[in-house]
Amino acid sequence: MSGTLVVEWRHIGESVDGTCVRCAATGRTLAEVVDAIRPALSARRVRVRVVETVLPDERIAESNMILFNGVPLEDLIDEARVEMTPCASCSCITGTDAICRAIVCGGETHEEIPADLILKAALKVVEP
């Protein structure tokens, strides 16, 4: 494969340091995974472009979402699904009771998206 892998990370707040606790952890993990796979993908002539989308508070249901070429992570991993869970950190940001996206996979709920799921989804998109 050659081309571009566009990885979009959506979150509320101002930046990776100005978002909720779970989104901040997801953003840091995403950056680490992208840094780790970029050389191997570059060797296959695949560029990686990361897009950070800061959402307004009213779109909190999309916060902590990662898309790979427009496809949400949970749609790329067969056993993954989204569950909305209370988020005290987002409640502080928005000033209201907030529920946010978490990924349920293999019987575990991940409020911060772990590296292995990010890697699995990214590789699924670029595998021939």
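Remember, it's a predicted structure, so these values are computed and weren't measured experimentally. Along the sequence shown, the residues carry numbers beginning at 1.
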>> Is it the case that over 12 heavy atoms from other parts of the model lie below 6.0 angstrom from the CG atom of Asp35?
In response: yes

> Tell me, do Ile12 and Val54 make a side-chain contact under 4.5 Å, heavy atoms counted?
Replying inline: no

>> Run His11 and Glu62 through side chain to side chain donor-acceptor pair (under 3.5 Å) and show every step you take.
In response: CA-CA 7 Å; His11 63 86; Glu62 298 173 54; over 6 Å; no

> Can you list the residues that meet the side chain to side chain contact (heavy atoms under 4.5 Å, CB included) rule with Ala121, with sequence neighbours excluded?
Replying inline: Phe68, Leu73, Leu76, Ile77

>> Salt bridge check, Arg22 against Glu112: does any charged N sit closer than 4.0 Å to a carboxylate O?
In response: no

> Is the shortest distance from a Lys or Arg side-chain nitrogen in Glu79 or Lys120 to a carboxylate oxygen in the other one below 4.0 Å?
Replying inline: yes

> Do Glu8 and Arg49 meet the salt-bridge criterion of a basic N to acidic O distance under 4.0 Å?
Replying inline: no

> Mind checking who shares a hydrophobic cluster with Val6, ILVMFWY linked at side-chain heavy-atom distances under 4.5 Å?
Replying inline: Val51

> From Leu117 CG over to Leu119 CG, what is the distance, rounded to the nearest 0.5 angstrom?
Replying inline: 9.5 Å

>> Checking Glu74 now: which residues fulfil side chain to side chain donor-acceptor pair (under 3.5 Å) with it, not counting sequence neighbours?
In response: Arg101

> Would a distance-only check, ignoring hydrogens and angles, find a side-chain to backbone donor-acceptor pair under 3.5 Å from Thr26 to Ile113?
Replying inline: yes

> Is the backbone N or O of Glu111 less than 3.5 Å from a side-chain atom of Asn64, with the two atoms forming a donor-acceptor pair by type?
Replying inline: yes

